[in-house]
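Just so we're on the same page: letters track the sequence lines, and every chain starts at 1. Both backbone and side-chain heavy atoms feed into the values below; hydrogens, waters and symmetry mates do not.
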Amino acid sequence: MLDIRAIRNDPDRFRTGLRRKHADPALIDELLAADAAWRKALTESEQLKSRRNKTSEAIATKKRQGLDASDDIREMREVSERIKVLDDEVRQLEARVQELLLGIPNIPHESVPDGESEADNVVVRHWGERPAFMFPPRPHWEIAQMLDIVDFERAVKITGSRFVAYKGLGAKLERALASFMLDFHIERHGYTEVFPAFIANEESLIGTGNLPKFGEEMFKLEGLPYYLIPTAEVPLTNLYRDEILAASDLPVLLAGYSACFRSEAGSAGKDTRGLIRLHQFQKVELVKLVAPEESYQALERLVEECAAILEALHLPYRVVEICTGDLGFKETKKYDLEVWLPAQETYREISSCSNFEDFQARRANLRFRREEGAKPEYLHTLNGSGLAIGRTVAAILENYQQEDGSVRIPDALVPYMGVDVIRRRDA
RNA sequence: GGAGUGAUGGCCGAGUAGGUCGAAGGCGCUCGCCUGCUAAGCGAGUAUACGCCCAAAAGGCGUAUCGACGGUUCGAAUCCGUCUCACUCCGCCA
């Protein structure tokens with residue numbers, strides 16, 4: 001949520017920001033109109049209330065002195081009627097302002113490269129060497145099927161398409177990756193592990209910016225104001241909702257493992273095979289709550305922390321800076337980490353690291369005090385996937401595959417797997 | 001799921017035959033005094049949000065807030081209704 005006062009003071013800055021993001025700058029004018037109407041009604045109502053308060057006191061005084069106050073009472077009866085009508089109006093206008101405010105996207109940071117679409121994103125750097133195969137590399141779903149570590153067909157019986165069941169060493173690989181990533185971030189980067197609920201209420205989803213605009217992308221529980229979380233970002237960011245932290249509490253660094261549920265996945269008919277695009281996947285998510293002046297440095301650091309996992313697993317990747325046109329609803333700046341998938345000969349997003357500045361903090365009322373007695377200020381929130389586990393499995397299967405169909409386990413993962421290679425049962 | 005109790009300021013806790021209650025008192029905190037140091041003691045201060053005035057800060061004015069929403073009333077922390085949450089007991093359960 002943007003700062004309404006900042007918008008009143010300098011609407012052009014926000015119109016420009018929205019234009020850069022290819023959002024409609026007229027949203028600002030609509031908001032300002034509603035805001036002006038709200039303030040007008042509010043002022044009128046408050047003036048009447050002031051009058052009523054004074055007169056009510058006068059009535060009390062008169063009655064105590066045994067004087068007649070019926071004229072005042074008759075008059076205030078009318079004033080109160082008018083107040084009731086006005087307050088209805090005020091409530092509606094205020095709700096309108098709030099609704100508009102919740103629907104306006106965040107504006108890009110000045111450092112974000114301009115661009116129309118995904119095609120204009122900027123590759124910042126590459127890491128690692130792509131494996132050279134002496135045979136045509138197989139796509140990960142073929143490898144998984146050959147090794148019998150993911151059951152694509154049977155899983156459909158349980159729920160439907162776009163769900164899978166990991167089996168045997170595939171299931172263990174999922175589990176190993178989750179443990180490995182969590183341990184890595186906790187031990188090396190100072191995160192605190194949080195194991196959150198996978199169901200969140202509407203307030204939480206408004207807090208992170210998933211509601212009110214993106215309800216269609218989530219699974220909602222029937223008859224309840226609850227949703228399956230689309231990412232652990234939701235519970236982690238909301239953990240301190242409506243709280244005022246001390247400056248000494250910052251930065252808050254949270255690492256959480258969760259299943260993530262996305263109802264939109266697959267609607268475009270892309271990535272119909274394999275582990276890339278599913279209605280449920282697991283992910284280790286990193287969330288940072290930081291002082292405003294530190295958030296951009298924290299973002300760079302976050303990218304490195306997520307990249308460190310890929311490096312530990314020796315998976316080639318590149319870092320992409322997202323341009324203004326491809327930036328999402330709530331972020332001011334975003335980097336994607338894309339891992340190399342040899343069978344598709346392409347880089348695929350495996351992590352997304354964003355700064356939201358105070359956009360989520362306003363919605364979730366996340367504040368801190370610089371010092372005892374100081375006025376509370378909104379803090380800045382960031383998050384990054386560290387990493388998406390299904391896509392990491394896919395990347396390991398494809399990058400570590402061998403000609404006979406077996407897959408080596410990255411050294412860093414061997415202690416967690418207990419084996420250094422996954423072979424076919426009949427091999 | 002059943003029964004009951006409760007919800008007041010950073011915390012504890014008064015206040016219900018409706019009016020001068022943003023709300024006693026205590027604790028905590030801040031500043032000052034006192035004190036060889038600490039503690040104690042003494043004094044003063046100590047909520048938040050929003051709107052308006054002001055170029056802005058300082059400041060001033062106003063409104064709202066005693067779980068939430070709605071009602072009664074000229075006027076509600078106090079009366080009525082609905083809801084939410086917390087706690088206790090019982091039942092069920094991994």
Side-chain angles (χ1 to χ4, degrees), chain A residues 1-13 31-102 195-207 211 221-227 235 238-249 259 358 361-379:
Chain A
M1 180 159 74
L2 297 175
D3 181 358
I4 182 80
R5 277 185 238 191
I7 296 175
R8 280 177 203 152
N9 286 338
D10 189 5
D12 270 339
R13 192 181 123 221
L31 175 71
L32 287 175
D35 179 54
W38 168 66
R39 284 188 291 165
K40 182 163 175 270
L42 183 66
T43 302
E44 195 182 335
S45 161
E46 288 188 348
Q47 280 166 355
L48 285 178
K49 281 178 186 170
S50 174
R51 195 171 140 211
R52 182 179 69 184
N53 286 345
K54 287 200 186 90
T55 310
S56 287
E57 248 176 73
I59 291 171
T61 308
K62 281 187 185 173
K63 286 206 161 178
R64 230 173 290 119
Q65 294 169 343
L67 299 172
D68 175 50
S70 51
D71 282 353
D72 286 335
I73 290 177
R74 207 173 310 114
E75 194 192 341
M76 284 308 105
R77 208 170 278 160
E78 280 167 37
V79 169
S80 278
E81 280 307 306
R82 175 71 185 139
I83 288 173
K84 204 171 284 183
V85 172
L86 266 174
D87 273 351
D88 257 356
E89 206 177 306
V90 168
R91 258 193 296 277
Q92 281 176 26
L93 287 166
E94 192 179 13
R96 176 72 184 140
V97 169
Q98 194 65 9
E99 184 193 336
L100 286 167
L101 215 43
L102 286 174
F195 186 76
F198 294 180
I199 294 176
N201 60 27
E202 287 177 332
E203 290 75 21
S204 296
L205 290 154
I206 287 170
L211 287 178
L221 270 59
E222 188 172 355
L224 292 169
Y226 297 159
Y227 294 78
N238 278 284
L239 203 57
Y240 294 97
R241 191 174 72 223
D242 294 320
E243 292 192 33
I244 301 171
L245 303 177
S248 57
D249 294 331
D358 62 6
R362 276 177 199 287
R363 292 172 164 250
N365 197 22
L366 282 164
R367 296 178 295 171
F368 79 108
R369 249 189 260 276
R370 284 185 192 276
E371 52 198 70
E372 190 103 22
K375 235 178 140 57
E377 293 174 52
Y378 290 111
L379 43 77

Problem - Student check: side-chain heavy atoms of A:Val79 and A:Met76 closer than 4.5 Å - result: yes

Practice task
Please name all residues satisfying side chain to side chain donor-acceptor pair (under 3.5 Å) with A:Asp68, sequence neighbours left out, ordered by chain then number.
Solution key: A:Ser70

Exercise for the section: Sequence neighbours left out, what passes side chain to side chain donor-acceptor pair (under 3.5 Å) with A:Glu243? Give chain and number order. Expected result: none

Problem - Polar side chain donor-acceptor pair, A:Asn53 to A:Ser56, under 3.5 angstrom - result: no

Only counting residues at least two apart or in another chain, list the ones meeting salt bridge (Lys or Arg N to Asp or Glu O under 4.0 Å) with [X].
X	result
A:Glu57	none
A:Arg51	A:Glu75
A:Arg74	A:Asp71
A:Arg39	A:Asp35

Dump every N/O contact between nucleotides 77-84 of chain B and the protein below 3.5 Å, one line per pair.
none

Exercise for the section: Any chance you could list the contact pattern along nucleotides 16-22 of chain B? Use B for base contacts, S for sugar-phosphate-only contacts and - for none, protein heavy atoms under 4.0 Å, 5' to 3'. Expected result: ---BB--

Practice task
Summarise protein proximity over nucleotides 45-55 of chain B in one line of letters, 5' to 3': B for base, S for sugar-phosphate only, - for none, counting protein heavy atoms closer than 4.0 Å.
Solution key: ----SSSS---

Problem - C1' gap between B:A76 and B:C66, integer Å - result: 11 Å

Fill in the blank from the handout: Within residues 81-91 of chain A, the residues having a heavy atom closer than 4.0 Å to RNA chain B are A:Lys84, A:Arg91

Fill in the blank from the handout: When pairs are called at under 3.5 Å and a stem needs at least three consecutive Watson-Crick or G-U pairs, the stems of RNA chain B are B:1-7 with B:84-90, B:10-12 with B:25-27, B:28-33 with B:41-46, B:47-53 with B:59-65, B:67-71 with B:79-83

Enumerate donor-acceptor pairs with a distance under 3.5 Å from any side-chain N or O in residues 87-96 of chain A to protein atoms, sequence neighbours excluded.
from    : atom 1 : to      : atom 2 : distance (Å)
A:Asp87 : OD1    : A:Ser45 : OG     : 2.9
A:Asp87 : OD2    : A:Lys49 : NZ     : 3.2
A:Asp88 : OD1    : A:Arg91 : NH2    : 3.1
A:Arg96 : NH2    : A:Glu30 : OE2    : 2.8

